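Just so it is clear, the values below take in all heavy atoms, side chains as well, and ignore hydrogens, waters and symmetry mates. Only a predicted model underlies this, so the values are computations on that prediction, with no experimental measurement involved. We name chains A, B, ... by the order of the sequence lines, and we start the count at 1 in each one.
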Amino acid sequence: VGGVGYTAYQAVVCDDPYAQTALANPGVYGAPYIWQELGSALLSARQGLSTLGQRATTSPMVIDLFGGRASQIAGAINVDIAATSGIRADVTRGLPLASGVADEIIATNPYLRGVPAGSTATNTWLPEATRILRPGGRIIITGQLGRNRFTRVPTAEELQRLGLRLVEEPRAVNDPRIIAQGMFTTDGRPIDVSSLQSFILEKVR
Amino acid sequence: MTKPASNLLLNPAVRAVVIKMAGLPFDAEGHKTDVPGIADCLEDLFALLGNEDVGEVVATAVSNGLMTQEQGREVLGIAIWSGQTNGAQLQPTLERWLEAADEPMHIGLALAQGIFPFRDIDRMTEVFARIIERFPEYAATCQGMVRRRREQGG
């Protein structure tokens, strides 16, 4: 365990590519899973912080939540459980980002596996997205709204509880940043953009 | 090997879930559809079937009058955004229906999912040409999908 901890230290603090490779290949180096997971999480967080550092002089901060392996939106920070670029994190378990840092969150085709019965956007990913959003910041949610439980428009009560308000009703996707993305299901089949709608929420407190 | 759907619907547990799902709030535009409720029923169905290919079960439910065609279409759409595979286990059945091009109800269900079938646009175009020849009522839908997929880069 100590050796793996040292490997994590080498990978994260010393930027050692061999140690990073070891952490990125679970099982290959025989390390206990929990250390591999911890090391991978630290690496992802560090990559995310590095990205944030590069953006320190620019604005606004746009988060591409559920952006997949890498964001296709110019200037956006990818956050996805499968990210290889940006921040690899599970939004339902908390994001390694401070509260109120994001100016805008773009959530396109959110899809979560293994969720409990009754899951919707409101009780899975939306609270954490709201936490990292600054007051006045916006969340653009896009998907097959009548079919994807993770894009359901929250009720008025849910919006009030989260501190959000609906500023744009569901409509055909018209944001060029979203239209320009290649959108695919997890196994790579293209999604027909005409089947998608977007709506916009704003943080009010 | 997957059991024929007609036999699966004879399973009381499967049939009960399908009937429960068909009774949940639904409207063709999706505004009042109980999407989380249907998704939860689908999770139960996936567990009963042992996989996420609910295509034949839903099609048989439509054929038997347990669901309307509109309900079947939306249930399959919700199935793609439920479970663990994002529709990967369902798509081969939808594509098989399109390739067979012999049952208009199947074709209607498969074309209404908002996902372009087949990994290759050329294959999709070829299959659609046969569908248009046999069922001209689907010509506009098929031609629109080919056009939009080309516009999206194939």
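Heavy-atom pairs under 4.5 Å with chain A were tallied for B:A79, B:G154, B:A112; the largest tally goes to B:A112. Chain A forms more heavy-atom pairs under 4.5 Å with one residue of B:G144, B:S82, B:P117, B:G87 than with any other, namely B:S82.
Neither the backbone nor the side chain of B:E151 comes within less than 4.5 Å of any heavy atom of chain A. For B:Q89, no part lies under 4.5 angstrom from a heavy atom of chain A. Heavy atoms closer than 4.5 Å to chain B are found nowhere in A:P170, neither backbone nor side chain. Contacts between A:T185 and chain B at a heavy-atom distance below 4.5 Å involve backbone atoms as well as side-chain atoms.
Looking only at distances, a side-chain donor or acceptor of B:Q152 sits under 3.5 Å from a matching main-chain atom of A:I191. Using modelled atom types, one side-chain atom of A:Q144 and one backbone atom of B:Q113 make a donor-acceptor pair closer than 3.5 Å.
With a 6.0 Å radius and a threshold of 12 heavy atoms from other residues, nucleotides or ligands, A:R131 has its CZ atom above the threshold. Heavy atoms of other residues, nucleotides or ligands lying less than 6.0 angstrom from CZ of B:R130 number more than 12.
When every heavy atom of A:S195 is checked against every heavy atom of B:G114, the shortest pair comes out as OG-O, 3.5 Å. When every heavy atom of A:D192 is checked against every heavy atom of B:R148, the shortest pair comes out as OD2-NH2, 2.7 Å. A:G114 approaches B:Q84 most closely through the heavy-atom pair N-NE2, 3.3 Å. Residues B:N86 and A:Y111 come closest through the heavy atom pair N-OH, 2.7 Å. The shortest non-hydrogen separation linking A:R149 to B:P36 is NH2-O, 3.8 Å. The two residues A:F150 and B:W81 make their nearest non-hydrogen contact at CE1-O, 3.9 Å.
Within the 4.5 Å cutoff, no side-chain heavy atoms of B:I38 are placed close to those of A:R147.
Salt bridge annotation for B:D34-A:R152: absent, with no cationic side-chain nitrogen under 4.0 angstrom from a carboxylate oxygen.
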### Message
side-chain contact (heavy atoms from CB on, under 4.5 Å) for B:I115 and A:R189? Distances and angles first, verdict last.
### Response
CA-CA 7 Å; B:I115 309 291; A:R189 285 181 173 79; 3.8 Å; yes

